[in-house]
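Comments concern the structure below.
Side chains are part of it too, since the values below use all heavy atoms of this structure and drop only hydrogens, waters and symmetry mates. Letters go in sequence order (proteins before strands), and every chain restarts at 1.
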Protein chains: 2
Amino acid sequence: MRADAKRNRDRIVDVAREVFREKGYDAPLDEVARRAGVGAGTLYRHFPTRDALLDAIMQSWVDRVNEATEKTLAFEGSDRDLLVGWLETYAGLISLHKGGPAKITSAMGDPDSPIIGKCQVLAQASQRVMDRLDAAGALRPGVDAVGVCKLVGGVATVADNADQPLSTVRPLLEVVADGLLR
Amino acid sequence: MRADAKRNRDRIVDVAREVFREKGYDAPLDEVARRAGVGAGTLYRHFPTRDALLDAIMQSWVDRVNEATEKTLAFEGSDRDLLVGWLETYAGLISLHKGGPAKITSAMGDPDSPIIGKCQVLAQASQRVMDRLDAAGALRPGVDAVGVCKLVGGVATVADNADQPLSTVRPLLEVVADGLLR
DNA sequence: ACCTGAACACCGTTCAAGT
DNA sequence: ACCTGAACACCGTTCAAGT
């Protein structure tokens, strides 16, 4: 890749992260191009779809997911507290930008989604937490990690769609936790 | 209202119901106007916003909600079966058209929503079912009907966004039920 | 009083012309 | 090889002119 191309690509990703944070995942791409100082065509050359751009943005976010997972696994307390904590952490991770919860959760089972890789990171994180709880004999039988992701994703989507802070749905996450625990 | 105005209004509602069923709640309004044989301005005169049109469409749907509620209340079986059955019924009622679950659930706590009346019908239905379970001492303390609506709405939204049939999320509804029951 | 449909605005996407 | 930006498509919304 030519040096100027790489520079443009990087600028687009940085600017997009900013714009999406301000206006949500469905912000006009035109504005991204404008602020990045490139033509619309350049944006489309690098990222043929909005999802391709999202995927690039989420690159750095993977580290945050893994960090949060380690923290959860190191938690020393009751199984319920660990689970509720993880559900809140998970909801927070997918609610970074407006539109995120719906986007990520609906990709969560679609092998053809352009952001499937990022979903797998999340699903595996969730799996590790469930494994730990299962080893302790704390889970009801038949609980699968992807299902948990969808359930919490649904709750986060509700809060996001209604423009309400995640804290308002904490009681719902507790219901989910109680439904998952033995 | 003049006779021709009423005729146009009725035609618009009928056609919109059809178009929304075919293409979801965000189908082009242009198509509704065209199929109804009216100008775009006429549609906007009668229904200044898309939500106002939705609200009109959902008028007949209220009967169906009440019918389903009666059926649930008359159910003779275990509390868990009753609850799971209601959650599935509820999910079905809000999933009539694509986009419905998100639309209805995000309006579910916003007093300014144009479809708030329809949400209240749902919330009250949910309340009656919870009351019956509560009278039987089956519910965990602190469960409120609107919360249940949001939770199930979240699950239905997930299925709807991913273009998957509701049956795929039945296990998730069981988790919710277990979380609600004592 | 109500209707029509052209016109405008907005935004996603493409592509011919330029470097 | 990459970029620009005008041009096109699509759809929501308004409004002047008509009945």
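In this structure, of D:dC11, D:dT13, D:dC2, it is D:dT13 that holds the atom nearest to the side chain of B:Tyr44. Relative to the side chain of A:Asp4, the nucleotides C:dT13, D:dC2, D:dG12 differ in distance, and D:dC2 lies closest. Closest contact between the side chain of A:Met1 and the listed nucleotides C:dC3, D:dG12, D:dC2 involves D:dC2.
Here C:dT4 presents its C1' atom at 16 Å from CZ of B:Arg34, a figure rounded to the nearest Å. Distance, A:Ile12 CD1 to D:dC3 C1': 11 Å, rounded to whole Å. At whole-Å resolution of the value, CZ in B:Arg9 and P in C:dA1 are 18 Å apart. Between the CZ atom of A:Arg2 and the P atom of D:dC2 there is a distance of 6 Å, rounded to whole Å. If you take CG of A:Asp51 and P of C:dT13, they are 11 Å apart, rounded to a whole angstrom. Across the protein-nucleic acid pair, B:Asp30 atom CG and C:dA6 atom P stand 12 Å apart, rounded to whole Å. Atom P of nucleotide C:dT4 and atom CG of B:Leu29 are separated by 16 Å, given to the nearest angstrom. One interatomic measurement links the two molecules: CZ of B:Arg11 to P of C:dC2, which rounds to 19 Å at whole-angstrom precision.
Listed pair B:His46 / C:dC2 fails the phosphate criterion, with no side-chain N or O lying under 4.0 Å from OP1 or OP2. Between D:dC3 and A:Asn8, a contact under 4.0 Å exists linking OP1 or OP2 to a side-chain N or O.
Using a 4.0 Å cutoff on non-hydrogen atoms, the parts of residues 35-43 of chain A near DNA chain D are A:Gly37, A:Val38, A:Gly39, A:Ala40, A:Gly41, A:Thr42, ordered by number.
Comparing B:Arg45 and A:Glu31, the nucleotide of DNA chain C nearest to each residue sits closer to the 5' end for B:Arg45.
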Strand DNA chain C in bracket notation, Watson-Crick/G-U under 3.5 Å with | for pairs to another chain | ||.|||||...|||||.||
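Taking every heavy atom of both residues into account, B:Lys150 and A:Leu172 meet most closely at CB-CD1, 3.9 Å.
Both A:Val146 and A:Leu180 belong to a common hydrophobic cluster when Ile, Leu, Val, Met, Phe, Trp and Tyr are linked at side-chain heavy-atom distances under 4.5 angstrom.
The backbone N or O of B:Leu93 sits less than 3.5 Å from a side-chain atom of B:Trp61, completing a donor-acceptor pair. Here the side chain of B:Arg182 pairs a donor or acceptor atom with the backbone of B:Gly137 at under 3.5 angstrom. Checking side-chain atoms of B:Arg50 against main-chain N and O of B:Ala27 turns up a donor-acceptor pair under 3.5 Å.
Side-chain contact between A:Gln120 and A:Ile116 is present, with at least one heavy-atom pair separated by less than 4.5 Å. Proximity of A:Val38 to A:Arg11: side-chain heavy atoms (C-beta onward) are nowhere separated by under 4.5 Å.
Partners of B:Ser78 under the side chain to side chain contact (heavy atoms under 4.5 Å, CB included) rule, at least two apart in sequence or in another chain, are B:Arg80, B:Asp81.
Among B:Asp26, B:Asp51, B:Asp160, the one residue that satisfies the side-chain hydrogen bond (donor to acceptor under 3.5 Å, both in side chains) test with B:Lys103 is B:Asp51.
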